[in-house]
Undergrad: 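Sending over a structure as structure tokens; questions will come in a sec.
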2 protein chains.
Amino acid sequence: MTGHALLAHVVDQPGILFGVTRVLADHSGNITYVDFHAGEASADIYLEVTLADGTLGRVLDDLRQVPGVQGVQEQPPFSKIYGKRIIVIGGGAQVGLVAMGAISEADRHNIRGERISIDTIPLVGEHELAAAVRATARLPRVRMLVLAGSLMGGEITTAVEEVQKLGLRVISLNMAGSVPDAADLVVTDPVQAGVMAVMAVADTAKFDLMRQLKRRY
Amino acid sequence: MTGHALLAHVVDQPGILFGVTRVLADHSGNITYVDFHAGEASADIYLEVTLADGTLGRVLDDLRQVPGVQGVQEQPPFSKIYGKRIIVIGGGAQVGLVAMGAISEADRHNIRGERISIDTIPLVGEHELAAAVRATARLPRVRMLVLAGSLMGGEITTAVEEVQKLGLRVISLNMAGSVPDAADLVVTDPVQAGVMAVMAVADTAKFDLMRQLKRRY
């Protein structure tokens with residue numbers, strides 16, 4: 001079995017994903033990642049799929065026969081390009097500084113072969129922040145969530161506990177509210193919080209978050 | 001026709017996407033977005049789909065009958081949570097400053113109802129950067145690419161021209177190499193480049209990139 005990343009350029013019509021996934025099911029291909037977002041008249045379906053050795057050629061031929069498929073080609077997988085994701089959510093001032101620390105530290109690891117990207121959104125409001133925290137668990141390749149603000153609690157804390165149960169680790173700035181109590185690690189300096197987030201997910205770093213659980217810096 | 005965002009919790013087995021997309025095809029649902037990333041034994045399939053009014057209940061019932069589907073629920077769509085994405089790629093020092101500017105500016109627009117997120121990756125190497133630029137065109141909800149570095153050209157410039165043909169706008173820092181010549185807008189100050197990138201995609205801003213095309217600041 002070998003992993004392949006495929007990009008199908010398709011006409012955006014009902015049933016197109018059904019047609020494409022049927023070909024992969026017929027060949028006993030195991031889809032590990034799909035990304036599809038419809039544009040205007042045409043769209044791309046990006047797939048990562050595990051196939052039995054020697055079957056790729058036939059799979060590509062069959063995909064090209066699906067009505068609405070205009071072309072299919074192999075691609076480098078996202079995991080090799082954008083890699084592990086750290087999501088930073090909160091107030092603009094703090095999110096910016098956490099991002100600065102994380103981007104600088106990711107640079108040092110990416111140079112040594114890692115692939116870590118830092119994704120951010122500045123947001124206001126308990127409900128909006130809680131929804132964004134919950135959504136991180138549904139985003140691909142997310143390894144760490146950093147909450148960067150001055151006051152977070154209530155529904156946001158509930159959302160933090162939910163994503164932790166799904167296996168996501170959460171770093172919080174030292175701030176008012178109950179989020180720091182729920183977080184796996186609390187850091188006062190936003191730049192250091194960003195650096196530690198990257199160190200915790202980098203295979204090229206020696207930082208073990210599990211040995212730091214519930215500490216405050 | 002009404003848009004819905006659905007999250008299906010499934011057993012990760014071959015054919016599971018085929019089963020789920022068949023139900024939507026049977027109900028003439030038009031899938032506009034799919035995100036699926038297999039985890040360990042179980043996984044989530046996130047779908048945005050347009051359905052005929054009044055059919056949601058039956059679609060949910062049928063989805064729950066698909067072998068391997070453990071549960072299905074409605075969710076707030078990603079487009080309402082993480083919104084438009086600006087991708088910043090390049091050297092850590094410059095990416096960090098572009099992100100600072102963009103995050104601060106996004107904060108001001110998100111407070112007024114926009115949803116703009118800033119996603120970054122620090123990278124080294126012509127081939128790696130070109131691959132990351134090309135991949136932006138395959139990522140969902142991307143509205144702007146900012147190239148932040150000191151020297152970019154060659155294969156990176158070719159990749160910039162390719163994503164521009166796919167409709168993506170590109171801002172470049174003023175730097176050595178041929179990337180600034182290919183970019184839609186060139187900005188010297190990285191913080192301002194980040195701010196302008198957000199202004200160009202925000203519906204709450206008055207900045208029109210088309211009136212600034214090929215200018216240098």
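Order of the sequence lines sets the chain letters (A, B, ...), proteins ahead of strands, with each chain counted from 1.
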Undergrad: In terms of heavy-atom contacts, does NE2 of A:H127 have more than 12 from other residues, nucleotides or ligands at under 6.0 Å?
TA: no

Undergrad: Taking the side chain as C-beta and beyond, is there a heavy-atom pair between A:D12 and B:N30 under 4.5 Å?
TA: yes

Undergrad: Is any side-chain heavy atom of B:D61 less than 4.5 Å from a side-chain heavy atom of B:Q65?
TA: no

Undergrad: Whether the A:T204 and A:H109 side chains hold a donor-acceptor pair (N or O, under 3.5 Å, no angle test) is what I'd like checked.
TA: yes

Undergrad: Would you check if B:H9 and B:V69 make a side-chain contact, meaning some heavy-atom pair closer than 4.5 Å?
TA: no

Undergrad: So which of A:T21, A:I111, A:L47 has the largest heavy-atom pair count under 4.5 angstrom toward chain B?
TA: A:T21

Undergrad: Suppose we screen for side-chain contact (heavy atoms from CB on, under 4.5 Å). Which residues come up paired with B:D189, at least two apart in sequence or across chains?
TA: B:V191, B:Q192

Undergrad: Within residues 81-92 of chain B, which residues come under 4.5 Å of chain A, heavy atom to heavy atom?
TA: B:I81, B:Y82, B:R85, B:I87, B:I89, B:G91, B:G92

Undergrad: Quick check for you: among B:E128, B:E48, B:R115, B:E105, which has the greatest number of heavy-atom pairs under 4.5 Å with chain A?
TA: B:R115

Undergrad: In the structure I gave you, are the side-chain heavy atoms of B:D184 and B:I171 within less than 4.5 Å of one another anywhere?
TA: no

Undergrad: Applying a heavy-atom distance below 4.5 Å, give me the residues of residues 119-126 of chain B that approach chain A, sorted by number.
TA: B:D119, B:T120, B:I121, B:P122, B:L123, B:V124

Undergrad: Counting only non-hydrogen atoms closer than 4.5 Å, does B:L24 touch chain A with its backbone (N, CA, C, O), its side chain (CB onward), both, or neither?
TA: neither

Undergrad: Please tell me if the side chains of B:L51 and B:M1 come closer than 4.5 Å, counting only heavy atoms from C-beta onward.
TA: no

Undergrad: Could you tell me which portion of A:A99 (side chain, backbone, both or neither) has an atom closer than 4.5 angstrom to a non-hydrogen atom of chain B?
TA: side chain

Undergrad: Taking the six-membered ring for Trp and the full ring for Phe, Tyr or His, determine whether the centres of A:F18 and B:F18 are under 6.0 Å apart.
TA: yes

Undergrad: Can you tell which part of A:I45 gets under 4.5 Å to a heavy atom of chain B, answering side chain, backbone, both or neither?
TA: neither

Undergrad: Among the options A:S104, A:A25, A:G194, A:A132, pick out the one with the most heavy-atom pairs lying under 4.5 Å from chain B.
TA: A:A132

Undergrad: Would you check if B:H4 and B:T2 make a side-chain contact, meaning some heavy-atom pair closer than 4.5 Å?
TA: yes

Undergrad: Is there side-chain contact between B:Q164 and B:V170, with at least one heavy-atom pair below 4.5 Å?
TA: yes

Undergrad: Specify which of B:D26, B:I31, B:V34 makes the most heavy-atom pairs with chain A at under 4.5 Å.
TA: B:V34

Undergrad: Which bit of A:N110 is near chain B, if near means a heavy-atom gap under 4.5 Å: side chain, backbone, both or neither?
TA: side chain

Undergrad: Who are the salt bridge (charged side-chain N to carboxylate O under 4.0 Å, His left out) partners of A:E155, not counting sequence neighbours?
TA: A:R134

Undergrad: Can you find a heavy atom in the side chain of B:I118 that is under 4.5 Å from one in the side chain of B:I116?
TA: yes

